[in-house]
Amino acid sequence: MTKISAPRPLVAGNWKMNGLASLLAEADKLKQRLADPAVGGKCEVMLCPPATLVGAMAKAAAGSALMVGGQDCHAKASGAHTGDIAAEMLRDAGASAVIVGHSERRADHGEIDAIVRAKAEAAYRAGLMAIVCVGETADERKAGKTLAVVTGQLAGSLPDAATDANTVVAYEPVWAIGTGLTPTVADVAEVHAAVRAALVKRYGDRGQGMRVLYGGSVKPSNARELMSVENVNGALVGGASLKAEDFLGIIGAYA
Ligand code: PGA
């Protein structure tokens, strides 16, 4: 079970490349339900919509318990980088956080650890919290390399300036993302313990307070079990964050 001294959990939704303006109605529903302290009072709640919706969502969520984040940022603050978005722009649009190093970015855009680290540093520079993602592929797990891969990614992707206030780690096994598959509770516990140990070794007390989210096929029916694992301090949710009712079912793990 989560210890009393554990950090305040975070349940963050990643809409990925989904959502036209009409989907903002789901964020509105969520915002309204979060106004009831019985619903979201025990955790922080965030949605990370596509960049096109960050400004509108942040405006609608202003003053509410719903936080808004981006899904990626460029390492630089401005310049000739067509199609890219700076952390400062996300902040300007009302975001308070940004996901960096998601496995889809690592796979689709060749984002190696050094790039992810530079993006996390950009987030700090802009005053955003960085949600830094790590996780092994199915082949790496089969080969018994999970802990080595995850701790290696952490070492390479986290900046020295990471603190419990500016950084959240998300452990997302690549094979569990969007597949309906989840690791066993024992496997989640093993990886999260290794992540915690690596964070404490590198950052001391700061590493103790850093939140470590689990991500990969989290849904209302498995959230309570996954969120009760030691060193799991919340969830990063893809598919099940697109509908307010599903996402609220996951948030309910902390009711
Ligand atoms: P999923 O995605 O919940 O749809 O598996 C998780 C993620 O990629 O963050």
Side-chain angles (χ1 to χ4, degrees), residues 9-19 23 26-27 30 43-51 53-54 57 66-73 90 95 97-111 116 119-120 123 128-138 140-141 146 149-150 153-154 157 167-185 187-188 191-192 195 211-227 229 232-254:
L10 169 67
V11 179
N14 172 11
W15 280 8
K16 308 192 179 183
M17 199 172 73
N18 298 292
L23 201 62
E26 295 298 315
L30 187 60
C43 62
E44 293 181 352
V45 179
M46 181 187 295
L47 281 177
C48 301
L53 297 182
V54 166
M57 188 186 285
L66 176 62
M67 298 186 294
V68 178
Q71 298 176 9
D72 175 52
C73 65
L90 290 170
V98 61
I99 299 168
V100 294
H102 189 281
S103 65
E104 287 151 18
R105 299 288 316 173
R106 290 179 186 262
D108 295 353
H109 300 273
E111 293 189 4
V116 176
K119 290 180 176 211
L128 298 178
M129 186 173 79
I131 301 175
V132 181
C133 302
V134 295
E136 83 287 359
T137 62
E140 288 163 343
R141 177 161 282 273
T146 298
V149 167
V150 168
Q153 286 177 334
L154 278 179
S157 304
T167 302
V168 170
V169 171
Y171 166 57
E172 301 202 297
V174 177
W175 52 271
I177 294 176
T179 58
L181 302 172
T182 50
T184 64
V185 161
D187 286 342
V188 173
V191 178
H192 279 249
V195 169
R211 290 174 287 191
V212 184
L213 313 184
Y214 168 78
S217 296
V218 179
K219 43 190 187 231
S221 58
N222 63 18
R224 200 171 285 275
E225 185 178 43
L226 290 164
M227 296 306 105
V229 176
V232 173
N233 313 115
L236 184 54
V237 184
S241 71
L242 292 167
K243 285 208 178 97
E245 279 314 316
D246 291 344
F247 199 43
L248 283 160
I250 293 168
I251 292 163
Y254 289 109

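Order of listing sets the numbers, starting from 1, for every ligand and every atom in it.
Remark: minimum distance from atom 9 (O) of ligand 1 to any protein heavy atom is reached at Glu172 OE2, 2.6 Å. With hydrogens left out, the protein atom closest to atom 2 (O) of ligand 1 is Lys16 NZ, 3.3 Å, a heavy atom. The nearest protein atom to atom 3 (O) of ligand 1, hydrogens excluded, is given as Gly238 N, 2.8 Å; this is a heavy-atom distance.
Between Asp72 and Leu90, the shortest heavy-atom distance links the atoms O-CD1, 3.5 Å. Of all heavy-atom pairs between Gly70 and Ala95, the closest is N-CB, 4.3 Å. Pairing each heavy atom of Arg106 with each of Ser157, the nearest pair is NH2-OG, 3.0 Å. Closest non-hydrogen pair, Gly135 versus Val149, comes out as O-CG1, 4.2 Å.
Considering backbone and side-chain atoms together, Gly215 places no N or O closer than 3.5 Å to any N or O of ligand 1. For ligand 1, the polar-atom distance check against Thr179 finds no nitrogen or oxygen pair separated by under 3.5 Å. Considering backbone and side-chain N/O atoms, Glu104 never comes within less than 3.5 Å of an N/O atom of ligand 1.
Shown in contact with Ser217 at under 4.0 Å from a heavy atom are these atoms of ligand 1, numbered in order with element: 1 (P), 3 (O), 5 (O). Listed by atom number, the atoms of ligand 1 under 4.0 Å from Gly239 heavy atoms are 1 (P), 3 (O), 4 (O).
Residue contacts with ligand 1 include Gly178, since one of its heavy atoms falls under 4.0 Å from the ligand. No heavy atom of Ala240 sits closer than 4.0 Å to any atom of ligand 1. Heavy atoms of Lys219 come nearer than 4.0 angstrom to ligand 1 in no pair at all.
Looking at Gln71 and Met17, their side chains never come closer than 4.5 Å, going by heavy atoms from C-beta outward.
None of Thr182, Leu226, Val237 except one satisfies the side chain to side chain contact (heavy atoms under 4.5 Å, CB included) rule with Ser217; the exception is Thr182.
Note: His192 and Tyr214 have tilted aromatic rings, judged against thresholds of 30 and 60 degrees for the angle between ring planes.
Between the side chain of Asn233 and the backbone N or O of Val212 there is at least one donor-acceptor pair closer than 3.5 Å.
Within the 4.0 Å heavy-atom criterion, the part of Ala176 lying near ligand 1 is the backbone and not the side chain.
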